[in-house]
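Treat the numbers as computed from the prediction; the structure is a model and nothing was measured.
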Amino acid sequence: MEYSTDDVAAARSLQFAKYIYTSMATFWIYDYACSLHEEWSFLLRSHWSKIKCLYIVTKYLPFIFIITGLYTSFTPNENPVKCGMLVNITSVLGMIAATCADCFFIIRTYVFWNKNKILLAAIVGTYLLCLVGSVSIIIDATASVAYVTSPIPSITGCYQSSTSDRMFIPFVLFSAFGMGLMILTLIRAIQSWWRNTSRLYIVLMNHNILYYACVFLFSIMNIFTSLLLQETYQTVLDGIQFLALATVATRMHNHLWQTNQRSRGSTSDFVQIQLSDISSANVTV
């Protein structure tokens, strides 16, 4: 039996999704195994707080995200509606994980600027506008589009029968947001570099700049994939961004906590950060 070019291309995209979800699962397990000692040291020795709860959600939600993605990609499903629902659930889990990761660095930016409540309100308001706008665009673009399965035997998973040319807009919004916060961090770093040279402060600054750079670069990548590639490729590459940001955020927070533990009692540190609740930290600049 001969299949159309579109059927073959869709089958390739579904196979690509399998490979990527398998790679993400391998990466997550490897990363967790490599950081097992630091992970359990943080979980057992740090105080319970809102930040720690945020850390746990950000760290372990990607595991559920990956399991759902693997199940959707590898399990034969002749019901496109059910398969599409699983794809949407996977995307929502990824978006929640990425949003939790962003919260770490919004709080840190607020602390850098001496807990300026006006700045915090502006950052949170802008972020919520980007988030609500992105969700609205995604719902409007995908609500009326049906999911279909591949007619080629042994090809599992499902994909949208058509894509919207507006799916790149959410990534434009978040790339601009990430760039804005990176500029805020750089301004603060330039203002205080000669007055505050503690190791902990430098770690915080480096983490913020690196994270916002990751947000910007991943968003730019997904702008091009949204414009040029099929829906399945877009969904999977979105997932890579969600997983990468959650992993980077939790790794950085754990490293910050470890650095803070080693620097306790040192009179050379000018930064005292209560990692039990970083939102109440005192940063002397």
Side-chain angles (χ1 to χ4, degrees), residues 1-35 58-98 101 138 141-143 145-164 167-168 170-171 214 217-248 250-251:
M1 182 178 179
E2 294 186 0
Y3 300 99
S4 67
T5 304
D6 290 340
D7 289 339
V8 173
R12 286 176 179 170
S13 70
L14 293 174
Q15 288 294 97
F16 176 79
K18 289 182 180 181
Y19 300 146
I20 294 299
Y21 278 119
T22 303
S23 300
M24 284 194 286
T26 304
F27 168 78
W28 193 91
I29 293 171
Y30 175 78
D31 178 74
Y32 189 81
C34 289
S35 60
T58 309
K59 179 70 177 181
Y60 294 98
L61 192 59
F63 176 70
I64 303 174
F65 161 77
I66 292 171
I67 293 297
T68 309
L70 287 172
Y71 178 81
T72 305
S73 297
F74 282 92
T75 303
N77 194 337
E78 297 181 358
N79 186 346
V81 175
K82 179 182 177 182
C83 186
M85 185 179 298
L86 289 172
V87 172
N88 291 333
I89 290 172
T90 304
S91 298
V92 169
L93 290 173
M95 290 179 66
I96 293 172
I138 293 170
T142 60
V145 180
Y147 280 88
V148 296
T149 55
S150 176
I152 301 177
S154 76
I155 300 297
T156 54
C158 58
Y159 59 96
Q160 288 183 322
S161 56
S162 63
T163 57
S164 171
M167 293 300 290
F168 74 95
F171 298 108
C214 288
L217 292 175
F218 272 114
S219 296
I220 293 298
M221 177 190 74
N222 279 313
I223 288 172
F224 286 104
T225 59
S226 299
L227 293 172
L228 301 175
L229 299 180
Q230 291 181 334
E231 184 272 337
T232 305
Y233 292 108
Q234 297 172 23
T235 302
V236 173
L237 293 174
D238 292 353
I240 293 177
Q241 177 173 350
F242 299 150
L243 177 64
L245 294 183
T247 302
V248 168
T250 51
R251 272 285 199 164

Q15: side-chain contact (heavy atoms from CB on, under 4.5 Å) partners, not counting sequence neighbours: K18, Y19, I155
F16: partners by ring-ring contact (aromatic ring centres under 6.0 Å, His included), with sequence neighbours left out: Y233
All pairs passing salt bridge (Lys or Arg N to Asp or Glu O under 4.0 Å) where residues 19-31 contributes a residue, at least two apart: D31-K59, D31-R251
Residue pairs involving residues 66-75 (criterion salt bridge (Lys or Arg N to Asp or Glu O under 4.0 Å); sequence neighbours excluded): none
Side chains of P62 and T247 in contact at under 4.5 Å (non-hydrogen atoms): no
Nearest-0.5 Å distance, CG of residue L243 to OG of residue S23: 11.0 Å
Polar side-chain atom of T156 near backbone of S73 as donor-acceptor pair, under 3.5 Å: yes
Within-4.5 Å side-chain heavy-atom neighbours: F242 and L93: no
Verdict with reasoning, D238 to S91, per side chain to side chain contact (heavy atoms under 4.5 Å, CB included): CA-CA 8 Å; D238 292 353; S91 298; over 6 Å; no
F171 and T225, any side-chain heavy atoms less than 4.5 Å apart: no
Atom pair CD1/CE of I223 and M221 - distance to nearest 0.5 Å: 10.5 Å
Between CD1 on residue I138 and CE on residue M95, distance to nearest 0.5 Å: 4.5 Å
Any residue meeting side-chain contact (heavy atoms from CB on, under 4.5 Å) with V92, in chain and number order, not counting sequence neighbours: I96
Under 3.5 Å, which donor-acceptor pairs link side chains of residues 63-72 to any protein atom two or more places apart or in another chain?
{"residue": "T68", "atom": "OG1", "partner": "I64", "partner atom": "O", "Å": "2.8"}
{"residue": "T72", "atom": "OG1", "partner": "T68", "partner atom": "O", "Å": "2.8"}

For A246 against T58, the heavy-atom pair lying closest together: CB-O, 3.7 Å
